[in-house]
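Report on one structure; see the data block that follows.
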Amino acid sequence: MKRSRKSWFAIASALLIAGSVLGACSNGNNKPEASPAGSSGESTPSSDNASASPAGFELGSQPLKFSMYGNYDWLTLDPWAEDVATKWIQDNLKVTIDPVQSGGAAQQKFSTMLATDDLTDVILLDRGPDVEKLRQAGKLVPLDDYYNKYPNFKKWMGDETINMLRSPDGHIYQMPNWYTTSANGNAGYLINRKVYKDLGSPKLETFDDLYAYLQKVKATYPDMVPLETDVEAQGVQILASGFGEGYSPNWPGQNRAVPADGKFVSIFTDPVFNETMKYASKLFREKLMTQDSLTEKKEQVFEKLTNGKAAVFVSYSVLENQISAANTLMRKNDPDSGYEVIWPVHKDGVSKDKVYPNNYNKLGWNVNVITMAAKDPEAIFAYLDWLTGPEGMSTIYFGPKGKYWDEMDANEYPVLNDTWFNTPQEEKDKDKLGRWAWVGNTTYLDTMKMANNAKMKPEQVQWPDTQQAAVTWKTSQDLTAFVNLMPAGDTEAGIAKTAVDEIFKKYYAQALFAKSDEEVDAILKKAEEEAMSQGYQKLLDFETEAWQNNLKQIAGK
């Protein structure tokens, strides 16, 4: 799944808390044994693979400073200690994080860091090939003993989910972000409420309805983008979910293939993808869709939405912090303005209750790894384990104890105080809550948030929460069976994946720019031929085998 698509701050605005304070102090210098450089075998982990201090590392007992890199072109890590939560963490727990930026060239930077052995202490990245590169090079700290020693990951994930993180050598090197046991997600369709009302609040259920509405927008508001599809036209992949029951945007967006009859088959010959591209191409050539959909930057998308210049926004992330803040200001100035998530649009004949622009899996989104560069990996794990627990999540999302909450209830949920309820949302937005939550505990945050919302008056519930409860969480499906389908880059399947990704991007753009349905057919046919010539079948076979292995593991076989 592409996640600029889960820009975390979008997911983050969906959530909230858990944790326990950790026990006595360690000597701070015990490093677990790394997997042998170049090893990719299936060895059984030794019993002393991680020499964790018996008592554990106590946060705040001594300063902890480490560097962190986010391996995404689009991600800019916030400055540390410039928001209320991380300032409190620095002052009280003595934790300081030095953020290292990708500079918009994540893969190049990652490769250089690995080649020069100049790795940061922690790296946040997608599960799969890049993690394996680090592991096989002997650059990762195994975390098995830490998982057993510190409480929160183990409590909230469970052994079955933790075991799905196990590498081929039998060790666990990864700490997941946004792991969950419940439906979640922020993908879908966002409408400009004022424009919608001014145009008579027409029915927006089918793709024919949407087409007619976008025509009205274009005729009435010539300076407005009728349909904004986010960076790289990712919104088109969301459209695909409405053309087939149970069809996930993951198929075109990540897998570049579609599961059917127990195996993965070509995306380029898939009838649902074909129909989606024909519909999107029609919108594009009639100027009902943003015309710079493949080249615009995220900042440009936010600018349109902040200024109310998009009538409909389709994206993997329609509830990001910037959009929520814009909605707050727009409604303050005009109660009829702002944004609202609508039920996902669908094709005639497709059940509206089987359209899933969102998905979730128990492993969540991406992962953190601790590298051999870290001076005290156990202390880092102890901090991240605290962060993923009740106290950590509540501090990040509601600020430190004493600001917006003073105590926790029997479920370890923060009890919000009068300051929370009496502070305008635009003032809360200045606190930048929800940043630096890179081990997001989705289940805890969601259940805590819903429990708190149930105690509030309707006008006190935050806007993203209302949208998630009403639509986005109800339109999410469990795709745990489809995790870990990314082949290593130096394998036949991995080489094919790289080639197919480039072929997909190339012909995706051509199909969007096509002048007719017939041209879309011809473009996708050419894409299929080129992909097959580059080993596409190797990728399809790999994904099929990985999927079937997941099904066996889930079934306990």
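Keep in mind the model is a prediction, meaning the values are calculated, not measured. Counting begins at 1 with the first residue of the sequence.
For the atom pair CZ of Arg256 and CD of Glu502, the computed distance is 9.0 Å after rounding to the nearest 0.5 Å. Summarising the geometry, atom CE belonging to Met289 is positioned 5.0 Å from atom CG belonging to Leu512; distances are rounded to the nearest 0.5 Å. Interatomic distance, OG of Ser317 versus CG of Asp230, reported as 7.5 Å (0.5 Å rounding). For the atom pair CG of Leu288 and CG of Leu214, the computed distance is 5.5 Å after rounding to the nearest 0.5 Å. In this structure, CZ in Phe398 is found 9.0 Å from NZ in Lys449, a value given to the nearest 0.5 Å. Gln510 CD to Leu524 CG: the interatomic distance, rounded to the nearest 0.5 Å, is 10.0 Å.
Although no hydrogens or angles enter the test, the distance criterion places a donor-acceptor pair under 3.5 Å between the side chain of Asp73 and the main chain of Ala106. Remark: the backbone N or O of Thr388 is paired with a side-chain donor or acceptor of Asn441 at under 3.5 angstrom. Remark: side-chain polar atoms of Ser281 are paired, donor with acceptor, to backbone N or O of Ala514 under 3.5 angstrom. Using a distance-only test at 3.5 Å, with no hydrogens or angles considered, a donor-acceptor pair links the side chain of Lys428 to the main chain of Trp420. Proximity of a side-chain donor or acceptor of Gln291 to a complementary backbone N or O of Phe284 within less than 3.5 Å is detected. Proximity of a side-chain donor or acceptor of Thr466 to a complementary backbone N or O of Trp463 within less than 3.5 Å is detected. In this structure, Asp83 contributes its side chain and Ala85 its backbone to a donor-acceptor pair below 3.5 Å. When atom types are taken as modelled, the side chain of Tyr508 and the backbone of Met277 share no donor-acceptor pair closer than 3.5 angstrom. For the pair Asn358 (side chain) and Thr472 (backbone), a donor-acceptor distance under 3.5 Å is present. No donor-acceptor pair under 3.5 Å is formed between the side chain of Ser476 and the backbone N or O of Trp473.
Every residue two or more places apart in sequence or in another chain was checked for a ring-ring contact (aromatic ring centres under 6.0 Å, His included) with Tyr179, and none qualifies. Contacts of Phe243 classified as ring-ring contact (aromatic ring centres under 6.0 Å, His included), with partners at least two apart in sequence or in another chain: Phe207, Tyr279. Residues meeting the side-chain hydrogen bond (donor to acceptor under 3.5 Å, both in side chains) test with Glu543, sequence neighbours left out: none.
Between Glu245 and Tyr356, the closest side-chain pair of non-hydrogen atoms is not below 4.5 Å. Proximity of Val483 to Met164: side-chain heavy atoms (C-beta onward) are separated by under 4.5 Å at one or more points. Between Tyr247 and Val258, the closest side-chain pair of non-hydrogen atoms falls below 4.5 Å. In this structure the side chain of Gln101 reaches within 4.5 angstrom of the side chain of Leu77, judged on heavy atoms.
Under the side-chain contact (heavy atoms from CB on, under 4.5 Å) test applied with Leu190, the options Val471, Ile323, Val312 reduce to a single match, Ile323. A side-chain contact (heavy atoms from CB on, under 4.5 Å) with Leu363 is found for one member of Thr180, Asn484, Asn177 and no other, namely Asn484.
Trp251 has its ring centre less than 6.0 Å from the ring centre of Phe482. Aromatic rings from Phe110 and Tyr72 are positioned such that their centres are separated by 6.0 Å or more. With ring centers used as reference points, Phe313 lies 6.0 Å or more from Tyr189.
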**Q.** Residues Thr229, Thr290; criterion side chain to side chain contact (heavy atoms under 4.5 Å, CB included); working and verdict
**A.** CA-CA 7 Å; Thr229 55; Thr290 181; 3.7 Å; yes

Q | Chi angles and distances behind the side chain to side chain contact (heavy atoms under 4.5 Å, CB included) call for Glu228, Val314 | A | CA-CA 6 Å; Glu228 172 57 54; Val314 186; over 6 Å; no

Q | Intermediate values then yes/no, ring-ring contact (aromatic ring centres under 6.0 Å, His included), Phe504 and Phe273 | A | CA-CA 12 Å; Phe504 179 90; Phe273 183 66; 5.8 Å; yes

Q: Could you check Val341 against Val318 for side chain to side chain contact (heavy atoms under 4.5 Å, CB included), going step by step and ending with a plain yes or no?
A: CA-CA 8 Å; Val341 177; Val318 297; 4.0 Å; yes

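Here the closest non-hydrogen pair linking Gln534 and Ala499 is CB-CB, 3.9 Å. Scanning both residues, Tyr339 and Ala310, for their nearest heavy atoms gives CE2-O, 4.3 Å. Across Trp438 and Asn368, no two heavy atoms sit closer than the pair O-ND2, 2.7 Å. The two atoms that bring Tyr397 and Leu433 nearest to each other are O-CD1, 3.3 Å, heavy atoms only. Heavy atoms only, all atoms of each residue included: Ala437 and Met393 are closest at CB-CE, 4.3 Å. Of all non-hydrogen atoms in Lys297 and Val231, the two that sit nearest each other are C-CG1, 3.7 Å.
Salt bridge Glu320/Lys298: present, at least one basic N to carboxylate O contact under 4.0 Å. Comment: Lys216 does not engage Asp209 in a salt bridge, judged by the lack of any side-chain N to carboxylate O separation of less than 4.0 angstrom. At a threshold of 4.0 Å, the pair Lys505-Asp501 does not count as salt-bridged, since none of the basic side-chain nitrogens sits closer than that to a carboxylate oxygen. A salt bridge is defined here as a Lys NZ or Arg NE, NH1 or NH2 lying under 4.0 Å from an Asp or Glu carboxylate O, and Lys432 with Asp78 fails to meet this definition. Taking 4.0 Å as the cut-off between side-chain N and carboxylate O, Lys304 and Glu296 count as a salt-bridged pair. We find that Glu530 and Lys506 are joined by a salt bridge, their nearest charged nitrogen and carboxylate oxygen being less than 4.0 Å apart.
Residue-environment remark: CD (Glu303) stays at or below the threshold of 12 foreign heavy atoms within 6.0 Å. No more than 12 heavy atoms of other residues, nucleotides or ligands sit less than 6.0 Å from atom NZ of Lys457. Summarising the local packing, CD of Gln215 is surrounded by more than 12 heavy atoms from other residues, nucleotides or ligands at distances under 6.0 Å. Around the NZ atom of Lys362, the shell of radius 6.0 Å holds no more than 12 heavy atoms that belong to other residues, nucleotides or ligands.
A side-chain donor from one of Glu286 and Tyr211 sits under 3.5 Å from a side-chain acceptor of the other. No donor-acceptor contact under 3.5 angstrom links the side chains of Asn184 and Asp446, judged on distance only.
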Which side-chain N or O atoms in residues 259-267 pair as donor and acceptor under 3.5 Å with protein atoms at least two apart or in another chain?
residue: Ser266; atom: OG; partner: Phe268; partner atom: N; Å: 3.0
residue: Ser266; atom: OG; partner: Glu528; partner atom: OE1; Å: 2.5

Atom pairs and distances, side-chain donor-acceptor, residues 345-352, under 3.5 Å, sequence neighbours left out:
residue: His346; atom: ND1; partner: Val350; partner atom: O; Å: 3.1
residue: Lys347; atom: NZ; partner: Glu275; partner atom: OE1; Å: 3.0
residue: Lys347; atom: NZ; partner: Glu275; partner atom: OE2; Å: 3.3
residue: Ser351; atom: OG; partner: Asp353; partner atom: N; Å: 3.2

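Legend: salt bridge (Lys or Arg N to Asp or Glu O under 4.0 Å) pairs involving residues 175-200, not counting sequence neighbours, sorted by first then second residue: Arg193-Glu340, Lys194-Asp334, Lys197-Asp336.
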